[in-house]
Amino acid sequence: AGEGLTGTEQFTQAIAAYNEAVIREPSYFEAWDGLADALNRNGQFEEALAASNRSLEINPDYVQGWINRGQILYNIGYRYEDAAHDMAAADALYTAQLAAFDNAIALAPGNAEAWFNKGYALAGMKRYDEAIAAFDQVRAIDPTYPNLDKNREIAVLLRNKAGQPAATSSRP
């Protein structure tokens, strides 16, 4: 029930359904992860992180749990960067986000979603060559992955733009 409600953006109802599920079965790691996802999409990032922690405590090998955790950490990091203008805190969260995606990839090297999120994270960290390599890995796994070509193209453009001042200044 919670998954369908999250998919239709009925987050309050989804959160209630997942809460009921984890009350009934406290070791139901998928429900904890679903709760984390619904809370994250509803902007309740700290609560989402707590639910993610619980899901991964129960099952540290849950690939989707690590992907969702990375997305939650991104949102918290972005809030520190955008609203609080605290880049040190944001960078620490972005690093933790990348580690979450790396954990997912270590568990499931063929998971296109994990690789895509890693590429997106790396591009956000201005590590463009690594981002492009991650997007290329997605293409090898699933050439039809949504938004793959657009995100790879943006990473290439940003890399080239970042490289232009150095190239321009080295000309005689």
Side-chain angles (χ1 to χ4, degrees), residues 6-7 9 11 33-53 55-56 60-172:
T6 300
E9 298 187 6
F11 304 124
D33 184 63
L35 176 60
D37 184 38
L39 288 163
N40 184 43
R41 292 172 187 247
N42 202 42
Q44 296 171 260
F45 305 130
E46 280 73 21
E47 297 91 340
L49 189 57
S52 173
N53 288 343
S55 174
L56 291 168
D61 294 333
Y62 187 45
V63 173
Q64 190 59 48
W66 286 109
I67 293 170
N68 284 339
R69 181 178 181 78
Q71 293 167 343
I72 294 163
L73 290 166
Y74 168 80
N75 285 332
I76 297 171
Y78 183 76
R79 190 180 61 210
Y80 274 98
E81 178 180 351
D82 189 55
H85 305 291
D86 182 346
M87 280 311 296
D91 286 342
L93 288 155
Y94 293 151
T95 299
Q97 167 202 18
L98 187 57
F101 297 138
D102 281 336
N103 284 341
I105 290 166
L107 292 165
N111 187 300
E113 183 182 7
W115 280 103
F116 181 84
N117 279 281
K118 179 178 180 173
Y120 191 87
L122 287 164
M125 297 169 85
K126 297 178 175 46
R127 292 166 56 180
Y128 302 120
D129 288 332
E130 292 171 84
I132 293 162
F135 290 136
D136 288 344
Q137 187 64 39
V138 175
R139 179 175 286 126
I141 296 165
D142 179 1
T144 64
Y145 194 87
N147 300 313
L148 172 60
D149 291 335
K150 179 182 176 188
N151 278 276
R152 187 186 187 285
E153 180 181 319
I154 290 168
V156 169
L157 289 171
L158 290 171
R159 178 195 63 191
N160 293 346
K161 184 178 178 184
Q164 284 177 349
T168 305
S169 63
S170 65
R171 289 185 179 167

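In this chain, numbering begins with 1 at the start of the sequence shown.
Between Ile105 and Ala114, the shortest heavy-atom contact is CG1-CB, 3.7 Å. The two residues Leu107 and Pro60 have their closest heavy-atom pair at CD1-O, 3.8 Å. Here the shortest heavy-atom pairing between Ala36 and Ser52 reads CB-N, 3.6 Å. For Ala48 against Ile72, the heavy-atom pair with the smallest separation is O-CD1, 3.7 Å. Closest non-hydrogen pair, Tyr80 versus Ala89, comes out as CD2-CB, 3.5 Å. Residues Ala112 and Asp142 come closest through the heavy atom pair CB-CB, 4.1 Å.
One finds the CG atom of Leu73 at 6.0 Å from the CG atom of Leu93 (value rounded to the nearest 0.5 Å). To the nearest 0.5 Å, the span separating CD on Gln64 from CD1 on Ile67 amounts to 4.5 Å. In this structure, Tyr74 OH and Asn117 CG are separated by 11.0 Å, a value rounded to the nearest 0.5 Å. Going from atom OG1 of Thr95 over to atom CG of Asp102 covers 11.0 Å, rounded to the nearest 0.5 Å. For the atom pair Glu153 CD and Leu158 CG, the distance stands at 10.5 Å (nearest 0.5 Å). The NZ atom of Lys118 sits 6.0 Å away from atom CG of Leu98, with the distance rounded to the nearest 0.5 Å.
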> Are Asp86 and Glu81 close enough, and set up right, to give a side-chain contact (heavy atoms from CB on, under 4.5 Å), and what steps lead you there?
Replying inline: CA-CA 5 Å; Asp86 182 346; Glu81 178 180 351; over 6 Å; no
>> Could you go through Ile154 and Lys150, starting from their C-alpha distance and side-chain angles, then the distance that decides it, and tell me whether this counts as side-chain contact (heavy atoms from CB on, under 4.5 Å)?
In response: CA-CA 6 Å; Ile154 290 168; Lys150 179 182 176 188; 4.0 Å; yes
>> Between Arg159 and Glu130, does the salt bridge (Lys or Arg N to Asp or Glu O under 4.0 Å) criterion hold? Intermediate values first, please.
In response: CA-CA 10 Å; Arg159 178 195 63 191; Glu130 292 171 84; over 6 Å; no
>> Could you walk me through whether Trp66 and Tyr62 satisfy the side-chain contact (heavy atoms from CB on, under 4.5 Å) test, starting with their C-alpha distance in whole Å, then the side-chain angles of each, then the deciding distance to 0.1 Å, before giving a yes or no?
In response: CA-CA 7 Å; Trp66 286 109; Tyr62 187 45; 5.6 Å; no
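No donor-acceptor distance shorter than 3.5 angstrom exists from the side chain of Asn42 to the backbone of Gln44, with no hydrogens or angles considered. Judged purely by atom type and a 3.5 angstrom limit, Tyr94 uses its side chain to pair as donor or acceptor with the backbone of Tyr78.
Side chains of Gln97 and Ile76 form no contact here, defined as non-hydrogen atoms less than 4.5 Å apart.
Inspection of the Gln71 and Asn40 side chains reveals no N or O donor paired with an N or O acceptor under 3.5 Å. Asn111 and Glu113 are not linked by any side-chain donor-acceptor pair at a separation below 3.5 angstrom, with hydrogens and angles left out of the test. Checked by atom type, the side-chain pair Asn53/Arg69 shows a donor-acceptor distance below 3.5 Å.
More than 12 heavy-atom neighbours from other residues, nucleotides or ligands sit within 6.0 angstrom of OH on Tyr145.
For the ring-ring contact (aromatic ring centres under 6.0 Å, His included) test with Phe135, the passing option among Tyr128, Tyr120, Phe116 is Phe116; the others fail.
A salt bridge links Asp136 to Arg139: one of the charged nitrogens lies within less than 4.0 Å of a carboxylate oxygen.
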